[in-house]
Amino acid sequence: MIVRQFISWIRTAPAGERAEATRALARAWLISDLSEDDRIAAEGALLMLLDDPSPLVRQAMSEVFARSSDAPAAIVQALSLDQPSIALPVLEHSPLLIDADLVDIVATGNSDTQCAIARRVNLPPSVSAAIAEVGSAAAALELIENAYAELAPFSWDRIVERHGHLAAIREAMLVLEGLPAATRAALVAKLSETLAQFVVARNWLSADRAGRLASDARERSAVNIAARSRGDDMLGLVRHLRATGQLTAGLILRALLSGNLELFDAALAELADLPLARVAALLHDRGGASLQALLIRAGLPESTFGAFRIALEVSSETGFVDTIGGAARLRRRMVERVLTHCETDRKAAEPLLILLRRFATESAREEARLFCEELVADEAFVPAVRDLIAA
C-alpha cells in the first residue's frame with residue numbers, strides 16, 4: 001500500500017523531493033523488514049525510477065546501492081551504464097559488478113569512469129590489463145597508486161609504453177618497491193628519450209650528442225637497477241635489455257668493470273643460450289679457452305675479448321663488491337688496468353679504446369666525488385665528537 005502511494009505521489013513531485021524519496025525507498029529496500037509483496041513492489045518502483053528524467057533521482061539510488069552486495073543486481077547494472085556522475089559510485093565500489101562488466105566499461109567509458117574502476121579494492125589482473133591497454137593517463141595513475149590492484153608484468157610494460165613519457169606516471173611507478181626491474185629499465189629509457197628530444201628541440205645539443213648521453217644514462221641506470229635485482233627479476237631485466245637492443249658488449253663490459261658479476265653472468269647466459277650455472281662454471285675456468293668460447297657463442301666482438309679477460313683477472317685479485325652501491329659504479333683500478341692493456345693490444349679496436357677512456361673518466365670523477373663526500377662527513381664528525389667529549 002505504501003509503495004502504491006509512493007508511485008502515485010512521485011509522478012508529480014519536484015525533482016529534489018523525488019530524489020530524497022527515492023533515497024528513502026532504496027534504504028528501506030536494503031534495511032527494512034518489508035513483506036514479500038512490498039519488497040517486490042519496491043523493486044518495481046525503483047526500476048521505474050531508472051527512467052526518471054532527473055539525474056538527481058538516479059544519483060540517489062547509486063549512492064545508496066553502491067557498496068551493498070544485497071542491492072538489486074539489475075538496478076546496479078543499469079546505474080553502472082548511466083552518465084558518469086551517476087555511475088561513478090557504483091563503478092568504484094559495487095561488489096555486484098563482475099570482471100567482464102568492468103572490462104567492457106573500461107573499453108567504452110570515458111576517463112572518469114576508467115578512474116573510478118581503477119580505484120576499486122581488489123582489482124583483478126584482467127581489469128587492470130584493460131586499463132593499462134586502453135585507459136587514459138589519469139586512469140593509469142589511479143591504477144599505479146591503488147595498492148589493492150593486481151597487475152601482471154605485461155600490464156606494467158604497457159603503461160610505460162603508453163604513458164611513460166609523463167613525469168607523474170614515472171614518479172608514481174619508480175617509488176614502488178615491487179616494480180619489476182625490467183619495467184624500471186623501460187621507464188629510464190623513456191625518460192632518457194624524452195630528455196634527449198627536449199634538449200635537441202631547444203638546440204642545446206646536437207642529435208648525435210644527445211643520443212650518446214641518453215645511451216650512457218641508460219647503461220648506467222641498467223647496471224644500477226641490476227645491482228638491486230636478484231633471481232627471476234634479474235633474468236627479466238636481462239631479457240628486456242636484449243629485446244630492446246641494449247644488451248651490448250659495452251653494457252656487459254660496464255657490468256664487469258663495476259664488479260657486478262651477477263649481471264655479467266646473466267647477460268652471457270642470455271646471449272649464449274646456456275644455463276646460468278654452466279656460464280658460471282666456464283667463467284671460473286682460468287685457462288682462458290672457455291672464456292673465449294663463451295664470448296664467441298654470445299656473439300660479442302673479438303676485439304673485446306682481451307678487455308673481458310683482463311677485467312676478470314683483476315676481479316679475481318680484488319674480489320667482487322657485495323654492496324648495492326658498489327656494484328653500480330665503475331671501479332677505477334679495474335678500468336685503468338683494462339685500458340692500459342688495450343692501449344698496447346693491436347687487436348683492440350678504436351671504439352673500444354674510446355669507450356674505456358670514457359669509463360676511465362667516469363670512474364675517476366666518481367671516485368673524486370666519493371672522496372670529497374667522505375672528507376665533508378669527517379669534518380662534520382670531528383666537531384661533534386669534540387662537543388660530546390666537552391659535555
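In terms of modelled atom types and a separation under 3.5 Å, the side chain of E150 and the main chain of P124 share no donor-acceptor contact. The backbone N or O of I86 sits less than 3.5 Å from a side-chain atom of S62, completing a donor-acceptor pair. R331 places no side-chain N or O within 3.5 Å of a backbone atom of S315 that could act as its donor or acceptor partner. Within the 3.5 Å criterion, the main-chain N or O of N260 finds no donor-acceptor partner in the side chain of S258. Judged by distance alone, the side chain of D265 and the main-chain N or O of V279 form no donor-acceptor pair under 3.5 Å. Under a 3.5 Å cut-off, the side chain of R184 and the backbone N or O of A226 do not form any donor-acceptor pair.
Here the shortest heavy-atom pairing between I169 and A137 reads CD1-O, 3.7 Å. The two residues D101 and Q77 come nearest to each other via the heavy atoms OD2-OE1, 3.4 Å. Looking at every heavy atom in both residues, A116 comes nearest to L88 through CB-CD2, 3.7 Å. Here the shortest heavy-atom pairing between L356 and L253 reads CD2-CD2, 3.9 Å. Scanning both residues, A181 and L237, for their nearest heavy atoms gives O-CD1, 3.8 Å. Nearest heavy atoms, A172 versus L141: CB-CD1, 3.6 Å.
Of the inter-residue distances, the one linking L91 atom CG with R119 atom CZ reads 9.5 Å to the nearest 0.5 angstrom. In this structure, CG on L102 lies 8.0 Å from OG on S80, to the nearest 0.5 angstrom. Rounded to the nearest 0.5 angstrom, E43 CD and L25 CG are separated by 10.5 Å. The distance from atom CG of D112 to atom CD1 of I117, rounded to the nearest 0.5 Å, is 11.5 Å. Here T304 contributes atom OG1 and L295 contributes atom CG; the two are 6.5 Å apart, rounded to the nearest 0.5 Å. Here F308 contributes atom CZ and L268 contributes atom CG; the two are 7.0 Å apart, rounded to the nearest 0.5 Å.
Pairs passing the salt bridge (charged side-chain N to carboxylate O under 4.0 Å, His left out) check and including a residue from residues 124-139, sequence neighbours excluded, read E133-R158.
Taking a 6.0 Å sphere around CZ of R357, one finds it holds more than 12 heavy atoms contributed by other residues, nucleotides or ligands. Annotation: R67, atom CZ; neighbour count of heavy atoms from other residues, nucleotides and ligands within 6.0 Å does not exceed 12. Within a 6.0 Å radius of CD in E302, no more than 12 heavy atoms belonging to other residues, nucleotides or ligands are found.
L276 and L282 are members of different hydrophobic clusters when ILVMFWY side chains are connected at heavy-atom separations under 4.5 Å. In the hydrophobic cluster analysis, where Ile, Leu, Val, Met, Phe, Trp and Tyr join through side-chain heavy atoms closer than 4.5 angstrom, L191 is grouped apart from I144. Under the 4.5 Å side-chain contact rule for hydrophobic residues, I98 and L79 do not share a cluster. In terms of hydrophobic clustering, with Ile, Leu, Val, Met, Phe, Trp and Tyr side chains grouped at heavy-atom distances under 4.5 Å, V314 and F305 are assigned to a common cluster. Placement of L151 and V121 in two distinct hydrophobic clusters is found when ILVMFWY residues are connected by side-chain heavy-atom separations under 4.5 Å, directly or transitively.
Residues that satisfy the salt bridge (Lys or Arg N to Asp or Glu O under 4.0 Å) test with E20, not counting sequence neighbours, are R23. With sequence neighbours excluded, the residues that form a side-chain contact (heavy atoms from CB on, under 4.5 Å) with V160 are M173, T183, A186, L187, K190. Scanning for side-chain hydrogen bond (donor to acceptor under 3.5 Å, both in side chains) contacts around D233 gives an empty result, with sequence neighbours left out. Under the side-chain hydrogen bond (donor to acceptor under 3.5 Å, both in side chains) criterion, S206 pairs with no residue at all, not counting sequence neighbours. Looking at residues two or more places apart in sequence or on another chain, you find no side-chain hydrogen bond (donor to acceptor under 3.5 Å, both in side chains) involving E171. Residues satisfying the salt bridge (Lys or Arg N to Asp or Glu O under 4.0 Å) criterion with E336, sequence neighbours excluded, are R332. For R218, there are no salt bridge (Lys or Arg N to Asp or Glu O under 4.0 Å) partners two or more places apart in sequence or in a different chain. Checked against side-chain contact (heavy atoms from CB on, under 4.5 Å), S111 has the following partners two or more places apart in sequence or in another chain: C115, S136, A138. With sequence neighbours excluded, no residue forms a salt bridge (Lys or Arg N to Asp or Glu O under 4.0 Å) with R170. With sequence neighbours left out, F154 forms a ring-ring contact (aromatic ring centres under 6.0 Å, His included) with no residue at all. With sequence neighbours excluded, the residues that form a side-chain hydrogen bond (donor to acceptor under 3.5 Å, both in side chains) with T113 are N110.
You'll find the side chain of R18 stays beyond 4.5 Å of the side chain of L49, heavy atoms only. With contacts defined as side-chain heavy-atom distances shorter than 4.5 Å, the pair Q292/I296 qualifies. Put simply, the side chain of I252 reaches to within 4.5 Å of the side chain of L271, judged on heavy atoms. The shortest side-chain heavy-atom distance between L213 and V199 does not fall under the 4.5 Å cut-off. With contacts defined as side-chain heavy-atom distances shorter than 4.5 Å, the pair D52/T22 does not qualify. By the 4.5 Å heavy-atom criterion applied to side chains, D208 and R212 are not counted as neighbours. Within the 4.5 Å cutoff, the side chain of E313 has no heavy atoms near those of the H341 side chain. Put simply, the side chain of M334 does not reach to within 4.5 Å of the side chain of R337, judged on heavy atoms.
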*Before giving the answer on side chain to side chain contact (heavy atoms under 4.5 Å, CB included), spell out for F264 and L312 the whole-Å C-alpha distance, their side-chain angles and the decisive distance to 0.1 Å.*
CA-CA 11 Å; F264 179 67; L312 282 170; 4.1 Å; yes
*Show the numbers, then the answer: is there a side chain to side chain contact (heavy atoms under 4.5 Å, CB included) between E270 and L241?*
CA-CA 10 Å; E270 173 69 20; L241 294 173; over 6 Å; no
_V90 vs D82, test: side chain to side chain contact (heavy atoms under 4.5 Å, CB included). Steps then yes/no._
CA-CA 10 Å; V90 169; D82 211 316; over 6 Å; no
*Kindly determine whether E193 and H165 satisfy side chain to side chain contact (heavy atoms under 4.5 Å, CB included), including the steps that lead there.*
CA-CA 8 Å; E193 179 184 344; H165 61 287; over 6 Å; no
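Checked for salt-bridge contact, R254 and E362 meet the test: a charged N lies under 4.0 Å from a carboxylate O. With respect to the salt-bridge test (charged N to carboxylate O, under 4.0 angstrom), the residues E63 and R27 do not qualify.
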